[in-house]
> 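Have a look at this one before I ask anything.
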Amino acid sequence: MSKIKRHLITSALPYANGPLHLGHLAGAYLPADIYVRYLRLLGKDVLWVCGSDEHGAAITIRAKKDGVSPKVIIDKYHALNKNTFDALGISFDFYHRTSEEIHHKTSQDFFTKLYEKGDEFIEKVVEQYYDVAFNQFLADRYITGTCPKCGHTEAYGDQCESCGSTLSPTELIAPKSVLSGEAPILRETKHWYFRLDKHADWLKEWIETGILDGKQHHDPNSWRKHVTGQCLSWLNSGLQPRSITRDLDWGISVPLKDAEGKVLYVWFDAPIGYISATKQWALENGKDWESYWKGGEEVELIHFIGKDNIVFHCIVFPAMLKAHGDFVLPRNVPANQFLNFEGQKFSKSRGWGLEQHEYLQEFADFPNKEDALRYALLRTLPENKDSDFKWDEFVDFHDKDLADNLGNFLNRVMVLSHSYFNGVVPPAPSNWSEPLQRVFDIVEQWKTEMEKFSFKAASQSFMDVSSWGNTYLQENAPWSLYKANPTDPRIAEIMFTGLQVSAILAIMAEPFIPFTSKRINAMLGLNALPAESLRLFLNESVKQPFISSGSLLGTPEVLFPKIIDRKDTSRLSIIEKQKAKLQAIMEEEKDTSFPPLKPNITFDDFAKLDLRSGIILEAAVVPKADKLLVLKVDLGFEIRTIVSGIALHFSPESLTGKKVVVVANLEPRKLRGIESQGMLLLAERGTGELVFVGADQPMEGGWVVK
RNA sequence: GGCGCGAUAGCUCAGCCGGUUAGAGCGCAGGAUUCAUAAUCCUGAGGUCGGGAGUUCAAGUCUCCCUCGCGCUACCA
């Protein structure tokens, strides 16, 4: 019934300014790899593209910091990420990069096509910071200043990395150009905006009902709830035109005469990277890229991403594709939630978490390290809610599932087959498939789960087959039969069945733990499973044996030496080292860390401050704001209204009568509609604790503090 | 404050369009077994499905309110 002939799979393009951590792997790459390997097992026509996202200001900043060209940065991280993926068995069909010429051309053509439609873009002139000395406009990331929220002195124009708040450049206190170090000036510049608002109606219908152009495009119930939920939340709050150009010299130039010095916003060109990657792959492999991107109903497009990318892949990019015309839209976007690490968020600055390439280095001596990691992540994939990677669970999954259940079953079958039949597969009973009925049922269920992107559930089914095998051996106890009569024909039947289960496990293992799958095949004496029988096995009700009678088995080996092993503590010590590392970070953070001193100021700078003592007369919460209190403060000579962001630390009642120090000559500013005429001085330490400055001195309002 | 997602056995989580005694894995208790990596198999104990109200013949599953967690967003002069 399905018209699908080709599967086009994408994974979010990693940004090439740093390494990726285990959370990224679990979010967009491992699940896609599992799905793609599964489709390949079925013999489907599959194309999985990904690549490095190499534009954007963050890369140029990083380059400037390191004193190298952007090219050096992207080459470094493109290579690192590509090689690490490769080492972990992440089997992209093509891993491209957005700095390639073909991508620039594709993106520009895309832009031009939309531009020529006339009504997809609007032009707007806006005021933006400009560096006079360097004669150029400054992208958000090219401006630093003091964060208005936490006081961090090196906040970027779009984000403060100290407190994590999202900012806009004009919010920064004392903005400074990263280029010249000078204060930038505001100057007008023109930008192009993509009219997302124009596409709101059909997007809403498409997300809500799965109907596109009057036809059922996909089943909306097959999309994860948090995905449709977030999209509808966006759609309901109204779509705005979105700026798609930037004043920057690194990126894809905007292909218009009056757009000198402007490039496409990295978010506009990055998803087009999926298309250009397909083009390059097609060129190198003699294929037709359009049969994937413009194949209509014959194509299933799936985007694998993390939840931070949902809006882009479900709203912005589809709108771009639809505006362009001809392109297919995603049938599903199985976005994962976030993976935490031992209870906390991954944090590069804290050193909390583990990067992919670090894992490979630090587990260099760990047997089967790739599959051990893949399996641990698989079992804890954040498919529907945030999940947590824990080393204790890593050990459990490895020892209980991979070693005790799977590894031990295969070992039992091998050892028994060798001792009873000298490593030769015994003759097949005439009703060979009968005892395997239950296994076939589990495989069917496994297929359903794989196709629903429920990989965690599918991994359970995989283990169920192995468990079934263990039970089967236990109940039929060939060792007892052998003791009673070594030529009992039932022994051959039992071992034949056990070997078929082993082969089925090798197949099911392939998407999850591909390195092990190969080793199982080798152990079973199969170079690779014959593609044809595999296809029959998975696609048809007709089953046939995978290992034929008379063929020779390989030598048994222990697939997964356990981590918790009395005789050999080497693997456990690798894990213990990881746990110790985290422990050390926590210990260190217990001692309050002191923020670095700000640059010296002159006495004159200091003298500009006018500090006065005051007494809080009344305090109240500001409606519709979580953190704000509005205070009446008596300065002796007048009563001021001051809005302060301390609602999370103090209740209004506890503040009346409190003695405080006030910055009395601060420029008034409106906060949530209330004019704040000053600022309270508070001391804060690393733990987040807040206390009032000078609170217990015997002074009434009006004293001058200096 | 607004919006989204979540809250189910000690732990980690499944439970589709509401329908018989609420499931799995791990852990725990008891038993069986010895081919195997101190592995395996069986049995059992364990939940008023975050709290409250409502709709219904019937609610973990739908509606409303509340509490807590996560994310986005507004807000920290």
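Residue numbering restarts at 1 for every chain, and letters A, B, ... go by the order of the sequence lines. We use all heavy atoms of the structure for the numbers below, so side chains are in, but hydrogens, waters and symmetry mates are not.
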> Using the ring pair (Phe, Tyr, Trp, His ring centres under 6.0 Å) criterion, which residues pair with A:Phe496? Sequence neighbours excluded.
none

> Is the shortest side-chain N to carboxylate O distance from A:Arg640 to A:Glu638 below 4.0 Å?
yes

> Thinking salt bridges, do A:Arg612 and A:Asp610 make one under a 4.0 Å N-O criterion?
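Salt bridge: yes.
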
> Name the orientation class of the two ring planes belonging to A:Trp391 and A:Phe363 (parallel below 30°, tilted from 30 to 60°, perpendicular beyond 60°).
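Geometry flag for A:Phe363 against A:Trp391: parallel rings.
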
> Would you indicate, yes or no, if B:rA24 has its OP1 or OP2 atom less than 4.0 angstrom from a side-chain nitrogen or oxygen of A:Lys456?
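For B:rA24, OP1/OP2 do not have a side-chain N/O of A:Lys456 under 4.0 Å.
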
> Have a look at B:rG15 and give me syn or anti from its glycosidic angle (syn if within 90° of zero).
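Anti, angle beyond 90° from zero.
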
> Distance between the C1' atoms of B:rG50 and B:rG60, in whole angstroms?
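Taking atom C1' in both B:rG50 and B:rG60, they lie 12 Å apart.
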
> Between A:Asp404 and A:Lys562, does at least one N-O distance fall below 4.0 Å, as a salt bridge requires?
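Counted as a salt bridge, because a side-chain N and a carboxylate O are separated by less than 4.0 Å.
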
> Are any of A:Thr380's side-chain N or O atoms less than 4.0 Å away from OP1 or OP2 of B:rU12?
no

> Could you spell out the base pairing of RNA chain B as a dot-bracket line? Use Watson-Crick and G-U wobble contacts where both distances are under 3.5 Å, [ ] for crossing pairs, | for partners on a different strand.
(((((((..((((.....[...)))).(((((.......))))).....(((((..]....))))))))))))....

> Please determine whether any donor N or O and acceptor N or O are separated by less than 3.5 Å between the side chain of A:Glu393 and the base of B:rU12.
no

> In plain terms, say whether A:Asp488 and A:Arg490 are close enough for a salt bridge, that is, a side-chain N and a carboxylate O under 4.0 Å apart.
yes

